[in-house]
Amino acid sequence: METLEEYKPGGYHPIMVGDVLHDRYHIVDKLGFGGYSTVWLARDTHLNRYVAVKVNIADSNPRETKVLKALSAPPPTSLPVHPGRGLVPVFQDEFKVQGPNGKHTCYTVTPAQCNLREISFSRLFSLEVARALSYRLAQAVAYTHSKGYVHGGLS
């Protein structure tokens with residue numbers, strides 16, 4: 001769990017289950033957090049489906065939306081579809097939320113089917129499952145790299 005001290009000007013936006021963001025995203029549950037954002041499961045009341053909403057820290061200039069838009073763009077019909085394309089979250093919407101800690105850039109993507117961190121603690125994966133997960137992860141990374149993007153942490 002993130003610390004309360006990170007909910008300060010320039011930090012996280014306070015959100016609770018039941019809140020509605022951008023007049024359409026009804027917050028259902030918290031999915032996680034990182035150094036620069038929190039992620040929430042929400043019901044899109046306009047399209048009647050679930051989405052993952054990423055809420056960045058205040059006044060940040062995230063580049064993720066540009067990358068996700070590029071990775072989600074329809075491929076040219078003249079090229080074969082990369083096998084990892086469907087394994088990358090699909091960008092859906094972008095908006096800003098003004099709160100007590102500043103202005104927060106937010107975006108929505110299709111939610112993941114499960115959280116591997118949670119299920120891996122309850123039981124070990126069989127070798128076949130571990131191989132399949134590793135293969136799909138490698139496909140997603142290969143697709144991302146084929147579009148000229150890499151993931152690197154900030155130091």
Side-chain angles (χ1 to χ4, degrees), residues 12-13 15 17-99 102-155:
Y12 295 129
H13 178 63
I15 296 177
V17 170
D19 287 353
V20 177
L21 302 179
H22 199 52
D23 295 323
R24 74 185 279 182
Y25 301 110
H26 183 260
I27 301 298
V28 175
D29 198 9
K30 187 172 196 174
L31 297 175
F33 71 96
Y36 297 96
S37 63
T38 56
V39 181
W40 300 84
L41 181 66
R43 187 79 181 160
D44 181 343
T45 58
H46 290 185
L47 299 176
N48 198 29
R49 66 180 175 198
Y50 287 101
V51 296
V53 180
K54 185 165 187 176
V55 181
N56 290 293
I57 60 170
D59 308 317
S60 63
N61 188 14
R63 295 180 301 225
E64 283 175 290
T65 54
K66 177 184 161 205
V67 173
L68 282 173
K69 284 177 186 177
L71 294 175
S72 297
T77 55
S78 61
L79 297 175
V81 176
H82 192 286
R85 185 179 190 284
L87 302 172
V88 175
V90 176
F91 178 86
Q92 296 178 354
D93 191 16
E94 182 178 15
F95 58 96
K96 293 190 184 291
V97 172
Q98 181 65 48
K103 187 177 278 189
H104 304 264
T105 300
C106 309
Y107 67 85
T108 65
V109 295
T110 51
Q113 298 298 315
C114 66
N115 182 332
L116 294 179
R117 180 178 295 154
E118 288 177 9
I119 61 174
S120 67
F121 284 130
S122 62
R123 61 186 180 280
L124 294 176
F125 293 121
S126 69
L127 183 57
E128 295 81 20
V129 171
R131 282 182 179 150
L133 291 171
S134 299
Y135 178 70
R136 292 181 63 109
L137 176 61
Q139 285 180 312
V141 170
Y143 171 66
T144 303
H145 289 178
S146 77
K147 294 297 182 183
Y149 298 102
V150 297
H151 182 280
L154 299 174
S155 55

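With contacts defined as side-chain heavy-atom distances shorter than 4.5 Å, the pair V17/K30 does not qualify. Side-chain contact between R136 and Q139 is present, with heavy atoms from C-beta onward closer than 4.5 Å. At least one side-chain heavy atom of E94 sits less than 4.5 Å from a side-chain heavy atom of K69. Within the 4.5 Å cutoff, the side chain of L41 has heavy atoms near those of the P111 side chain. Using a 4.5 Å heavy-atom cutoff, the side chains of R85 and P75 are in contact.
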Tell me which donor-acceptor pairs under 3.5 Å the side chains of residues 76-84 have, and how far apart each pair is, sequence neighbours excluded?
| unit_1 | atom_1 | unit_2 | atom_2 | d |
| --- | --- | --- | --- | --- |
| H82 | ND1 | G84 | N | 2.9 |

Review item, side-chain donor-acceptor pairs of residues 20-28, under 3.5 Å, at least two apart:
| unit_1 | atom_1 | unit_2 | atom_2 | d |
| --- | --- | --- | --- | --- |
| R24 | NE | D44 | OD1 | 3.0 |
| R24 | NH2 | D44 | OD1 | 3.2 |
| R24 | NH2 | D44 | OD2 | 2.8 |
| Y25 | OH | D93 | OD2 | 2.6 |

Quiz: residues 46-53 side-chain donor-acceptor pairs under 3.5 angstrom, not counting sequence neighbours:
| unit_1 | atom_1 | unit_2 | atom_2 | d |
| --- | --- | --- | --- | --- |
| N48 | OD1 | R43 | NE | 3.4 |
| N48 | OD1 | R43 | NH2 | 2.7 |

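Under the rule for a side-chain hydrogen bond (donor to acceptor under 3.5 Å, both in side chains), K147 has no partner lying at least two apart in sequence or in another chain. Residues satisfying the side-chain hydrogen bond (donor to acceptor under 3.5 Å, both in side chains) test with T108, not counting sequence neighbours, are none. For K66, there are no salt bridge (Lys or Arg N to Asp or Glu O under 4.0 Å) partners two or more places apart in sequence or in a different chain.
Pairing each heavy atom of C106 with each of V97, the nearest pair is SG-CG2, 3.7 Å. Closest of all the heavy-atom pairs between T105 and K96 is OG1-NZ, 2.9 Å. Shown here for V88 and A140, the closest heavy-atom pair between the two residues is CG2-O, 4.2 Å. Residue S60 comes nearest to N56 through the heavy atom pair OG-CB, 3.5 Å, listed as atom of the first residue, atom of the second, then distance. The minimum heavy-atom distance between P89 and L68, with the atom names listed, is O-CD2, 3.8 Å. Scanning both residues, Y12 and Y36, for their nearest heavy atoms gives CE2-C, 4.4 Å.
Note that CD of E64 and CZ of F91 are 11.0 Å apart. Values are rounded to the nearest 0.5 Å. Taking OH of Y149 as the start and OG1 of T144 as the end, the distance is 10.0 Å to the nearest 0.5 Å.
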Practice item. Go through the steps for Q92 and T110 under the test side chain to side chain contact (heavy atoms under 4.5 Å, CB included), then give the verdict. Key: CA-CA 7 Å; Q92 296 178 354; T110 51; 3.1 Å; yes
Point to revise | L71 vs Y143, side chain to side chain contact (heavy atoms under 4.5 Å, CB included): CA-CA, chis, key distance, verdict | key: CA-CA 8 Å; L71 294 175; Y143 171 66; 3.8 Å; yes
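For the side chain to side chain contact (heavy atoms under 4.5 Å, CB included) criterion with H13, the lone passing option out of V55, T38, D19 is V55.
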